[in-house]
Q: 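Let me give you the structure first, and then I'll get to my questions.
Protein chains get the first letters and strands the later ones, always in sequence-line order, with residue 1 at the start of each.
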2 protein chains.
Amino acid sequence: MAATIKDVAREAGVAVCTVSFAMNGSAHVAEATKKRIFGAVERLNYRPNQSARGLVTKKTNNIGLAVAETADGLENGILLEVIQGLGRAASHKNYDLLLSFQKQQTDKPDEHLLDVYRKQSADGLILMGNKMSERPYKDLLTNRFPFVLLGRPYKDNLCHSVNADNEQGGYLAAQFLLKKGHRRIGFITPCSLEFDAAIDRLNGYKRALTEFDIEVDEKLIALGSFEPDSGYQETETLLSLKDRPSAIIAGRDVIAARVNEKAVTLGYQVPDDLAIVGFDNTIVAQLARPGITSVELPMLTMGHEAGKLLISLIEGDIEYDAIQKISLPCGIFERDTT
Amino acid sequence: MAATIKDVAREAGVAVCTVSFAMNGSAHVAEATKKRIFGAVERLNYRPNQSARGLVTKKTNNIGLAVAETADGLENGILLEVIQGLGRAASHKNYDLLLSFQKQQTDKPDEHLLDVYRKQSADGLILMGNKMSERPYKDLLTNRFPFVLLGRPYKDNLCHSVNADNEQGGYLAAQFLLKKGHRRIGFITPCSLEFDAAIDRLNGYKRALTEFDIEVDEKLIALGSFEPDSGYQETETLLSLKDRPSAIIAGRDVIAARVNEKAVTLGYQVPDDLAIVGFDNTIVAQLARPGITSVELPMLTMGHEAGKLLISLIEGDIEYDAIQKISLPCGIFERDTT
DNA sequence: CTTGATTATGCAAGCGCTGTCAATACTAAT
DNA sequence: ATTAGTATTGACAGCGCTTGCATAATCAAG
């Protein structure tokens, strides 16, 4: 059906290996013959069969993306923007993205994530947001298979990883408010403190305060949860403090939206009586009225950097053992709530 | 490095072909030997090499998803939910999803989308939201390569396609309001009428009116654009009509949000003075305050159905020429604006 | 013991490509 | 003309797997 390398060779009147050489640049081919060959390629719409090529070169030119699916949709953090960044890095270097979705109802979900690797249908793997047991990592590591952790810190220095600098993000949010003169700043964590992102953001907040010589007041720190509506309660608690905060940093935009609502309900003016800063700069922050000032995680960049890193690893531009831990700075988008 | 079928055969003490038979069910293998083989597979963590297998079977077990990237992000319509639905269908049948991103700055962008097909690295293709010239389709069609159009109507009956039933969606929105007693209903199109989705939604709206014996008043139909802020102007226009509408259907949620804002600004009470229905049931409708009643496009289902359809095509369960045009009904989510 | 069915085997071809080898053709410089 | 270098060639092995074929081992039933 599809043209093979033989067809191209015949069409161009050259030997099969000459075509291969010309296409891969693996040996000198005279300009004139090259032209004839590429002409034939064009005419026949020829592309080397990936399976055949992969079989001999042991390269697929695919980047695997292990996607864990939970009952309530995709695992947190699988964001379109990340995929987009990944795709950009990939296409630039002639890779495709292979999304392998975890099988539902399986006894060992995390083992499944590695099937792409076992089948050898990708040259490297991006692991994001997946809770995985220890074993698969070991497997990858001992076989020196390229992989990058994305948005999923692995505290030891064993794996390459790309992350948003959540600490700096927390710092940024607090610093932003401090510079505006706020001195009592509440903080609602994005989720429980089991999650590194939550801890880091909080730590950044504390660092900013310390830098401004303000003592951290634990009463100003409220524990948020994955349930955005918990934001209502936290806001009420924070605002009913005798020395109430003049600003609240919410660990996520959806929580920030709740903070705003509650504040309005309680009769506060935003931003005059209460300033609010959210996190993640999602569409929620963008479209809420008032628009919510929000710390932006560099999702696109994260995907892009992870892709570039992985490809460097695959192509040997970076030593497998020279562990890279890339931490990307957050930005802040000012809107109406500050 | 990775175990091969030979290793498994040795480990299990059987012949290579027996392993192959056992794994593919292509011949009878006694239970006892099967057990030995799968034991060895388990121990060695063996998975058949995809490239090798693909080379001989001419199957990759990949579904290609051609992703066109424009300057301002991914082409409209590439939605995470769609990918998720696709992934669900794929993983169910042991396929992976191969995302191939269009190369930037290339002279023939649409030709590039077919590279996955030309390289034979996918067994079928999902085409969504890509403006493509005629030729690539022809190419696919004449070679009888399986592909389905997703969310991108191709009016002739040449291609398999999956779509939201926009006409029914428009009908639903109008019917919903009519049942609540509204008789003057404004309609702001989601974009210009070059787009089928816009026409269909509008037609559905008209059909509902007709069914309720209400004459369509062209003055109540405003042309929206891709720029959500245009919603402000349209709203003002519609509300300043001498016989103003008591409800407005906005072609997209973001427009609906603008309609609401403007209405409030002009001193109308929502939903009492003005009811609003949006489209797409995005997070915007969900999180806006007041929450926007919105017509939901079955994105997840669309992805899922498209995946299933494509796989049926690939596996020959459906004739290539028995064109299927799947149109999936929209639902409506009532919130505070009605 | 024979027969027939079932199960397992070795062998070999071949999928489309890469890349090595040794040989040949061509070109340009000495 | 000789030499050196470059460009191109055919032949072929091999990547890991599937599959057809013919053969052989195994076993139950007649």
Q: Could you check which of dG16(D), dG10(D), dC17(C) has an atom nearest any side-chain atom of Val56(A)?
A: dC17(C)

Q: Under 4.0 angstrom, heavy atoms only, what part of the nucleic acid is Ser51(B) near: base, sugar-phosphate, or nothing?
A: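 Touches nothing.
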
Q: Look at the side-chain N and O atoms of Arg53(B) and state whether any lies under 4.0 Å from the OP1 or OP2 oxygen of dG16(D).
A: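 It does not, given that no N or O in the side chain of Arg53(B) lies less than 4.0 Å from OP1 or OP2 of dG16(D).
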
Q: Closest to the Lys58(A) side chain: dG16(D), dT7(C), dT9(D)?
A: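 So the side chain of Lys58(A) is nearest to dG16(D).
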
Q: Can you label the angle between the Tyr320(A) ring and the His160(A) ring as parallel, tilted or perpendicular, going by 30° and 60°?
A: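 Judged by the thresholds at 30° and 60°, the geometry between Tyr320(A) and His160(A) is perpendicular.
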
Q: What's the closest nucleotide to the Ala52(A) side chain, out of dT18(D), dT9(D), dC17(C)?
A: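 Ranking dT18(D), dT9(D), dC17(C) by closest atom to the Ala52(A) side chain puts dC17(C) first.
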
Q: Using modelled atom types and a 3.5 Å cut-off, is there a donor and acceptor pairing between side-chain atoms of Thr57(A) and backbone atoms of Arg53(A)?
A: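 Looks like yes, one N/O pair under 3.5 Å.
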
Q: Would you say the side chains of Asn49(A) and Arg118(B) form a donor-acceptor pair under 3.5 Å?
A: no

Q: I want to verify a distance call: between dT9(D), dT18(D), dG16(C), whose nearest atom is closest to the Thr18(A) side chain?
A: dT9(D)

Q: Check the side chains of Thr60(A) and Asp123(A) for a donor-acceptor pair under 3.5 angstrom, ignoring hydrogens and angles.
A: yes

Q: By nearest atom, which of the nucleotides dT18(D), dC17(C), dT7(C) is closest to the Thr57(B) side chain?
A: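 Given the options dT18(D), dC17(C), dT7(C), the side chain of Thr57(B) is closest to dT18(D).
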
Q: Report the nucleotide, chosen from dT9(D), dG16(C), dC17(C), that has the shortest atom-to-atom distance to any side-chain atom of Ala15(A).
A: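 Minimum distance to the Ala15(A) side chain belongs to dT9(D).
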
Q: Whole Å only: how far is the CE atom of Met23(A) from the P atom of dC17(C)?
A: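 Interatomic distance, CE of Met23(A) to P of dC17(C): 10 Å.
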
